[in-house]
Amino acid sequence: MNFIEELYYGNIDPNRKKFDKNTQIAEALKLFCENESRLNEVLTGDDLRLFHDMVNAGDEITACTGVENFKIGFILGVRIMIDCFKSDENMIFKDI
C-alpha cells in the first residue's frame, strides 16, 4: 500500500500525537485539567453552563484552526514539490 492508501484507510492519523510528560504542552494540559476540575466543583447553574460553553467554544476554535493548518501544510508541501519538478536538474549538480 502507498502513503495515500494508508492515509485513506486510516492507518496514518496525522492528528494523533504523543508528547513527553516533561514538556510545556504537558504542563499546560495538566494545569488546564486541574483548573477545569476545580471550576466544575465550585460553579453551579448558569455559571457552570457558561463555563462549559466557553470551554466548548475554545475546543471548536482549536479544531477549526487545526483543520486549516492541516490543509495549509498539504498545500505548501505540494507547492514545494511543484518547484522541485520545475527545477533545472543541471543546476542542482552544477559545480560552484
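Basis for what follows: all heavy atoms, side chains included, without hydrogens, waters or symmetry-related copies.
Summarising the geometry, atom NZ belonging to Lys30 is positioned 8.5 Å from atom CD belonging to Glu27; distances are rounded to the nearest 0.5 Å. Rounded to the nearest 0.5 Å, atoms CG (Asn69) and OG1 (Thr62) are 10.5 Å apart. To the nearest 0.5 Å, the span separating CZ on Phe51 from CG on Asn56 amounts to 9.5 Å. Summarising the geometry, atom CG belonging to Asp13 is positioned 9.0 Å from atom CG belonging to Leu7; distances are rounded to the nearest 0.5 Å. Note that CZ of Arg38 is 9.5 Å distant from CG of Leu43, once rounded to the nearest 0.5 Å. In this structure, Asp53 CG and Leu48 CG are separated by 9.5 Å, a value rounded to the nearest 0.5 Å.
A donor-acceptor pair under 3.5 Å is formed between the side chain of Glu5 and the backbone N or O of Asn2.
Within 6.0 Å of CD in Glu60 there are 12 or fewer heavy atoms belonging to other residues, nucleotides or ligands. For CD of Gln24, the number of neighbouring non-hydrogen atoms (other residues, nucleotides, ligands) closer than 6.0 Å is 12 at most. By the 6.0 Å contact criterion, CD1 on Ile4 is open, its count of non-hydrogen atoms from other residues, nucleotides or ligands being 12 or less.
Taking the side chain as every heavy atom from C-beta outward, Val55 and Phe32 approach each other to under 4.5 Å. His52 places a side-chain heavy atom less than 4.5 Å from the side chain of Asn40. At least one side-chain heavy atom of Ile75 sits less than 4.5 Å from a side-chain heavy atom of Arg79.
Residue Leu50 is not grouped with residue Ile61 when hydrophobic side chains (ILVMFWY) are merged at heavy-atom distances under 4.5 angstrom, including chains of intermediate members. Linking Ile, Leu, Val, Met, Phe, Trp and Tyr whenever their side-chain heavy atoms come within less than 4.5 Å puts Val42 and Met54 in one cluster.
For the residue pair Asp20 and Thr23, the shortest heavy atom distance occurs at O-OG1, 2.8 Å.
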